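Structure first, commentary second.
Computed from a prediction, not measured in an experiment: that's the story for all the values here.
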Amino acid sequence: TRTIAAVARDGGLPYELTRRRHDTVVWEGRRLSAPEHIAATAGVVDAWVLEFADLSPAAITESVAAYRGLAAGTASPVDIARITARHAPHGVFSGHLHQGSRELDEVRDEEAASTS
């Protein structure tokens, strides 16, 4: 694995290059972490897909347990953010989940109105 960074005019973001047996994978260097947006979908979506392929087995176990706790209401977005930060040497970013949150809010508002 090797870390590279984009040039400053392209944002200077870090990327990890991982050489595998038959190919090379380019990973976003920052870890996707949007627990506040994910928490808003608890009970609304069937599942969350989590990308942990680059983590150690112990880090995967810890992260999955935290997300299970979030789904069960025994963990908070703050817990997820703290755990994620430990496994994100290049920092975190929220991705694009916030761009869809307005539509999710509208669906939840419609559901709430229909049950009132």
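Through direct or relayed side-chain contacts under 4.5 Å between Ile, Leu, Val, Met, Phe, Trp and Tyr, Val78 connects to no other residue. The other residues sharing a hydrophobic cluster with Leu17 are Ile4, Leu13, Tyr15, Val26, where clustering joins ILVMFWY side chains under 4.5 Å apart.
Checked by atom type, the side-chain pair Glu16/Thr1 shows no donor-acceptor distance below 3.5 Å. In the model, Glu28 has no side-chain atom that pairs as donor or acceptor with a side-chain atom of His90 under 3.5 Å.
Evaluation of the side chain to side chain donor-acceptor pair (under 3.5 Å) rule for Arg9 yields no partner, not counting sequence neighbours. Remark: Glu36 engages no residue in a side chain to side chain donor-acceptor pair (under 3.5 Å) (not counting sequence neighbours). With sequence neighbours excluded, the residues satisfying side chain to side chain donor-acceptor pair (under 3.5 Å) with Thr18 are Trp27. For Ala65, there are no side chain to side chain contact (heavy atoms under 4.5 Å, CB included) partners at least two apart in sequence or on another chain. Residues that satisfy the side chain to side chain donor-acceptor pair (under 3.5 Å) test with Thr115, not counting sequence neighbours, are absent from this structure. Here Arg2 pairs with nothing under the salt bridge (charged side-chain N to carboxylate O under 4.0 Å, His left out) rule; sequence neighbours left out. By the side chain to side chain contact (heavy atoms under 4.5 Å, CB included) test, Ser33 pairs with Pro35, Thr84, Val92, sequence neighbours left out. With sequence neighbours excluded, the residues forming a side chain to side chain contact (heavy atoms under 4.5 Å, CB included) with Ala59 are Leu55, Ser56, His87, listed by chain and number.
The stretch residues 38-50 participates, sequence neighbours left out, in no salt bridge (Lys or Arg N to Asp or Glu O under 4.0 Å) pair at all. Evaluation of the salt bridge (Lys or Arg N to Asp or Glu O under 4.0 Å) test over residues 71-85, restricted to residues two or more places apart or in two chains, returns Asp79-Arg82.
Using a 30° and 60° split on the angle between ring planes, Trp48 and Tyr67 fall in the perpendicular class, above 60°.
The two atoms that bring Leu70 and Ala39 nearest to each other are CD1-CB, 4.0 Å, heavy atoms only.
For the atom pair CG of Leu50 and OG of Ser63, the computed distance is 8.5 Å after rounding to the nearest 0.5 Å.
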